Amino acid sequence: MRKLGSRIVGVLAVMWLPVVAVYAWQKVTAAAQKPFFPEPLVIWERMKTSWFTGPADHLFLNEVAIEHWSASLGRMFTGWAVAGVLGVVLGVALGRSRLVFDFLDPLLQFGRAMPPPALVPFFISVFKIGTQMQLATIIFGVIWPVLLNSIDGARSADRVKLDTARVFGMSRWMRLRYVILPAAAPKIFAGLRLSLSLSLILMVLSELVGSTDGIGYQLLTAQREFDVPQMWASIVLLGALGVLLNAVFVLIERRMLAWHRGSQGHA
């Protein structure tokens, strides 16, 4: 009972601020009556009529929501997954080779400092407008947190453990699996978590240019048609997606790195 009570208190402690913020938002916008700042209830009604008129077995999502949300999330997760794999593989390889890292570090810093929106015209000229351009924008923008964190994590592997593994005749693959990757895992997950939020931003950005579907496309269409409630509905949806994705990733991260927290607790 105590554990259940503490969980309820924890949930209430987390939820009170959003509830107060929405209540204040409702009161302020209702009093101001500004057309560009609709009330939360108006935004919610537009969200329901735009996306949540489907059957219960589809989570009440209608065809419009399924079409646009699946297109956006498909691009986002594909770009994030490709960037994650490339970032981890290249990062661990560079982190374990000091010479190669020192040689490539200026190029890495140059690429990291380059804003992805500045490369959208380049990606359009190379890949044309479409899914390939959108994926290229997402991958280029989100690979850097994973890559740099993987490099740092691979370099932080305990030298004593590596030397011990060599003495016991462990192969390079076994040292990578049982020593280097566990040591780098916390920083790799930190990079993946940061890149996930960036992938949502870049997904919207890529859909603002020549796209025919997606949440970003709906947002741009609403802006062009001066449909302010629909525009705010898309903005709120993106914020909710960001919170949900981060919460799910944190749960996965905690499960995957439970051994790491346990080892820190015993240290």
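Quick caveat: nothing in here was measured; it's all calculated off a predicted structure.
- In this structure, CG in L135 is found 11.5 Å from CG in L202, a value given to the nearest 0.5 Å.
- From M174, atom CE reaches atom CD1 of I180 across 12.5 Å, with rounding to the nearest 0.5 Å.
- The backbone N or O of L162 sits nowhere less than 3.5 Å from a side-chain atom of R175 that would complete a donor-acceptor pair.
- Here Q218 pairs with W51 under the side chain to side chain donor-acceptor pair (under 3.5 Å) rule; sequence neighbours left out.
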CA sep, side-chain torsions, deciding dist, call: V22, W44, side-chain contact (heavy atoms from CB on, under 4.5 Å): CA-CA 12 Å; V22 172; W44 172 240; over 6 Å; no
Full working for side-chain contact (heavy atoms from CB on, under 4.5 Å) between Y217 and L220: CA-CA 5 Å; Y217 168 75; L220 182 62; 5.7 Å; no
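- Separating the CD1 atom in I215 from the CG atom in L200 is a distance of 7.5 Å, to the nearest 0.5 Å.
- Contact between S70 and E67 at its shortest, heavy atoms only, is OG-O, 3.2 Å.
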Audit row: I201, L238, side-chain contact (heavy atoms from CB on, under 4.5 Å) steps and yes/no: CA-CA 9 Å; I201 297 171; L238 291 170; over 6 Å; no
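- Residues E225 and Q230 are not in side-chain contact: their nearest non-hydrogen atoms beyond the backbone lie 4.5 Å or more apart.
- Going from atom CG of D227 over to atom OG of S50 covers 7.5 Å, rounded to the nearest 0.5 Å.
- Not one N or O on the side chain of S97 forms a donor-acceptor pair closer than 3.5 Å with the backbone of L94.
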Give the table of side-chain donor-acceptor pairs shorter than 3.5 Å for residues 76-91, with sequence neighbours excluded, one pair per line with atom names and distance.
| from | atom 1 | to | atom 2 | distance (Å) |
| --- | --- | --- | --- | --- |
| T78 | OG1 | G74 | O | 2.7 |
| W80 | NE1 | L192 | O | 3.2 |
| W80 | NE1 | S195 | OG | 2.9 |

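- Qualifying salt bridge (Lys or Arg N to Asp or Glu O under 4.0 Å) partners for D57, counting only residues two or more places apart in sequence or in other chains: none.
- Using a distance-only test at 3.5 Å, with no hydrogens or angles considered, a donor-acceptor pair links the side chain of S197 to the main chain of L194.
- Contact of the L196 side chain with the S199 side chain is registered, since non-hydrogen atoms from C-beta on lie closer than 4.5 Å.
- Of the possible polar contacts, none joining the W144 side chain to the Q109 backbone as a donor-acceptor pair under 3.5 Å is found.
- Put simply, CG on L208 and CD on Q134 are 10.0 Å apart, with the number rounded to the nearest 0.5 Å.
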Worked check of side-chain contact (heavy atoms from CB on, under 4.5 Å) between T137 and V209: CA-CA 11 Å; T137 303; V209 183; over 6 Å; no
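- Residues K161 and V179 come closest through the heavy atom pair CB-CG1, 4.0 Å.
- Within 6.0 Å of the CZ atom in F52, the count of heavy atoms belonging to other residues, nucleotides or ligands exceeds 12.
- Tracing side-chain contacts under 4.5 Å through hydrophobic residues (I, L, V, M, F, W, Y), one reaches L108 starting from F110; they form part of the same cluster.
- Taking a 6.0 Å sphere around CZ of R166, one finds it holds more than 12 heavy atoms contributed by other residues, nucleotides or ligands.
- Side-chain N or O atoms of R193 include none that pairs as donor or acceptor with a backbone N or O of V250 at under 3.5 Å.
- Within the 4.5 Å cutoff, the side chain of V42 has no heavy atoms near those of the T29 side chain.
- Within 6.0 Å of the CD atom in E63, the count of heavy atoms belonging to other residues, nucleotides or ligands does not exceed 12.
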